[in-house]
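Quick note: residue numbers are just sequence positions, from 1. Note that this is a predicted model, so its numbers are computed, not measured.
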Amino acid sequence: MDSASPTKSYLYTTQNSFTMIKTIVKSHPLRDIILDFDDAQTPPPFEQEALAHYYKAHDLTYALRLEAAERIPPLRAVDAELGDLLLRSLAIEQDLDFLEDALGIAKSPDLDSFEGELTIRLDDFYSMTLKHSADLGAVYDAISALTERYNADIEKIDDEDGLIDPMYFGVLSDLYQRYEELSVHTVSLDDDHQNFLGAYAEVEKEYFAYTDFANLVFEKYAQLVAASDKLYRRVEQVEAKLKEKFDGHSGEAD
């Protein structure tokens with residue numbers, strides 16, 4: 001962990017006729033690490049190395065929690081923008097249906113039961129379409145940045161779908177086999193390890209909730225781009241048809 005998140009240790013000691021037990025509580029933002037130690041036993045190097053890796057696993061897991069939380073807000077912002085663009089595209093499509101029907105480009109079944117008059121200002125219609133296209137283009141930059149970050153995040157995940165190196169989960173196995181040489185009491189170590197695995201599982205859910213949401217946003221974007229492209233082609237057809245009609249009328253007047 002960085003200097004902004006120092007680790008604090010609290011000591012609780014009990015004594016009997018055989019040994020001095022020291023309980024050390026390491027305060028960590030992921031979860032407190034609580035281990036019992038034999039104060040009379042010097043920890044061998046392999047124990048110190050294993051516990052250092054164990055503490056590092058907490059640092060890495062907490063960093064992933066922060067990372068997932070940091071990734072969500074910009075995705076939500078883009079998701080909201082996509083929702084707005086979708087609603088606006090529906091408004092454009094509604095006007096297109098009327099224009100295509102009026103110009104004889106396509107028959108709209110939705111207008112069969114329509115009674116009354118509908119007036120569309122072409123300047124407003126084209127402005128609405130151009131603004132939609134420009135805003136969709138602006139979203140591309142945000143999507144590109146989010147996709148680049150997402151790809152980098154995915155590449156960091158282990159081939160076995162572990163968010164952290166699998167070695168951090170097996171690093172304590174040697175300690176249980178050589179418990180007689182240890183300073184740390186393996187019962188407390190096992191209890192604490194199980195609690196860590198529970199905390200890790202929660203972070204894993206949070207992280208994959210982020211990646212799932214990212215995929216959902218990317219898919220929404222791809223679908224909106226494809227649908228909007230078809231919409232813009234239809235607008236071009238309407239524009240060409242109107243130009244043809246106006247040019248024709250102009251020629252007749254001449």
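Residues Val217 and Ile143 have side chains in contact (heavy-atom distance under 4.5 Å, counting atoms from C-beta outward). Phe169 is listed as a side-chain neighbour of Phe196, based on a closest heavy-atom distance under 4.5 Å. The side-chain heavy atoms of Ile33 and Val25, taken from C-beta on, include no pair separated by under 4.5 Å. Using a 4.5 Å cut-off on side-chain heavy atoms (C-beta onward), Glu81 and Leu136 make no contact. For the pair Ile21/Phe37, no side-chain contact is recorded, criterion being any heavy-atom separation below 4.5 Å from C-beta on. Taking the side chain as every heavy atom from C-beta outward, Leu99 and Leu122 approach each other to under 4.5 Å. By the 4.5 Å heavy-atom criterion applied to side chains, Ile154 and Asn151 are not counted as neighbours. Under the 4.5 Å side-chain criterion, counting only non-hydrogen atoms from C-beta, Val184 is not in contact with Asp36.
The two atoms that bring Val171 and Ala50 nearest to each other are O-CB, 3.7 Å, heavy atoms only. Pairing each heavy atom of Arg149 with each of Pro74, the nearest pair is NH1-CG, 4.5 Å. The two residues Ala57 and Thr61 have their closest heavy-atom pair at O-OG1, 2.7 Å. Heavy-atom minimum distance, Leu30 versus Tyr62: N-CD1, 3.9 Å. Among all heavy-atom pairs drawn from Leu163 and Tyr200, the shortest one is N-OH, 3.1 Å.
A salt bridge links Asp153 with Lys156; the closest basic N to acidic carboxylate O contact falls under 4.0 Å. With respect to the salt-bridge test (charged N to carboxylate O, under 4.0 angstrom), the residues Asp192 and Arg31 qualify. Between Asp229 and Arg234 no salt bridge is recorded (no basic side-chain N to carboxylate O distance below 4.0 Å). Between Lys243 and Glu239 no salt bridge is recorded (no basic side-chain N to carboxylate O distance below 4.0 Å).
Side-chain N or O atoms of Glu47 include one that pairs as donor or acceptor with a backbone N or O of Ser183 at under 3.5 Å. A donor-acceptor contact shorter than 3.5 Å links the side chain of Ser188 to the backbone of His185. Looking only at distances, a side-chain donor or acceptor of Thr211 sits under 3.5 Å from a matching main-chain atom of Phe208. In this structure, Ser133 contributes its side chain and Thr129 its backbone to no donor-acceptor pair below 3.5 Å.
For residues 132-144, every residue pair satisfying the salt bridge (charged side-chain N to carboxylate O under 4.0 Å, His left out) rule, not counting sequence neighbours, is listed here: Arg88-Asp135, Lys131-Asp135.
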Residue pair Leu51, Glu49: steps toward the side-chain contact (heavy atoms from CB on, under 4.5 Å) verdict:
CA-CA 6 Å; Leu51 290 181; Glu49 182 179 359; over 6 Å; no

For His132 and Leu85, what are the C-alpha separation, side-chain angles and deciding distance, and is it a side-chain contact (heavy atoms from CB on, under 4.5 Å)?
CA-CA 7 Å; His132 187 278; Leu85 284 165; 3.8 Å; yes

Does the side-chain contact (heavy atoms from CB on, under 4.5 Å) test come out yes or no for Val238 and Lys241, once each step is laid out?
CA-CA 5 Å; Val238 165; Lys241 192 68 173 180; 5.7 Å; no

Just do the side-chain contact (heavy atoms from CB on, under 4.5 Å) check on Tyr150 and Arg71 with the steps written out, would you?
CA-CA 9 Å; Tyr150 168 85; Arg71 302 294 193 258; over 6 Å; no

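A search for ring pair (Phe, Tyr, Trp, His ring centres under 6.0 Å) contacts involving Tyr210 returns Tyr207, not counting sequence neighbours.
Put simply, CG on Leu216 and CG on Leu82 are 9.5 Å apart, with the number rounded to the nearest 0.5 Å. To the nearest 0.5 Å, atoms CD1 (Ile72) and CG (Asp79) are separated by 10.5 Å. Expressed to the nearest 0.5 Å, how far CG of Asp165 lies from CG of Leu60 amounts to 9.0 Å. Rounding to the nearest 0.5 Å places CG of Leu35 at 10.0 Å from CG of Asp191. The CD atom of Glu100 sits 7.0 Å away from the CD atom of Gln237 when rounded to the nearest 0.5 Å. Between atom CG of residue Leu175 and atom NE2 of residue His193 there is a gap of 10.5 Å, rounded to the nearest 0.5 Å.
Leu75 and Tyr140 fall within a single hydrophobic cluster, where Ile, Leu, Val, Met, Phe, Trp and Tyr are joined by side-chain heavy atoms under 4.5 Å apart, directly or via other members. There is no path of hydrophobic side-chain contacts, each under 4.5 Å, that joins Leu130 to Leu90.
Arg178 forms a cation-pi arrangement with Phe46, by the criterion of a distance under 6.0 Å to the ring centre and an angle within 45° of the ring axis. Annotation: cation-pi pair Lys26/Tyr55 present, NZ/CZ under 6.0 Å from the ring centroid and within 45° of its normal.
Atom CD of Gln194 has more than 12 heavy atoms from other residues, nucleotides or ligands within 6.0 Å. Annotation for Tyr179: atom OH does not count as buried by contact number, only 12 or fewer foreign heavy atoms lying within 6.0 Å. Heavy-atom contacts from other residues, nucleotides or ligands closer than 6.0 Å to OH of Tyr126 number more than 12.
Under the 30°/60° scheme for interplanar angles, the aromatic rings of His58 and Tyr54 are found to stand perpendicular.
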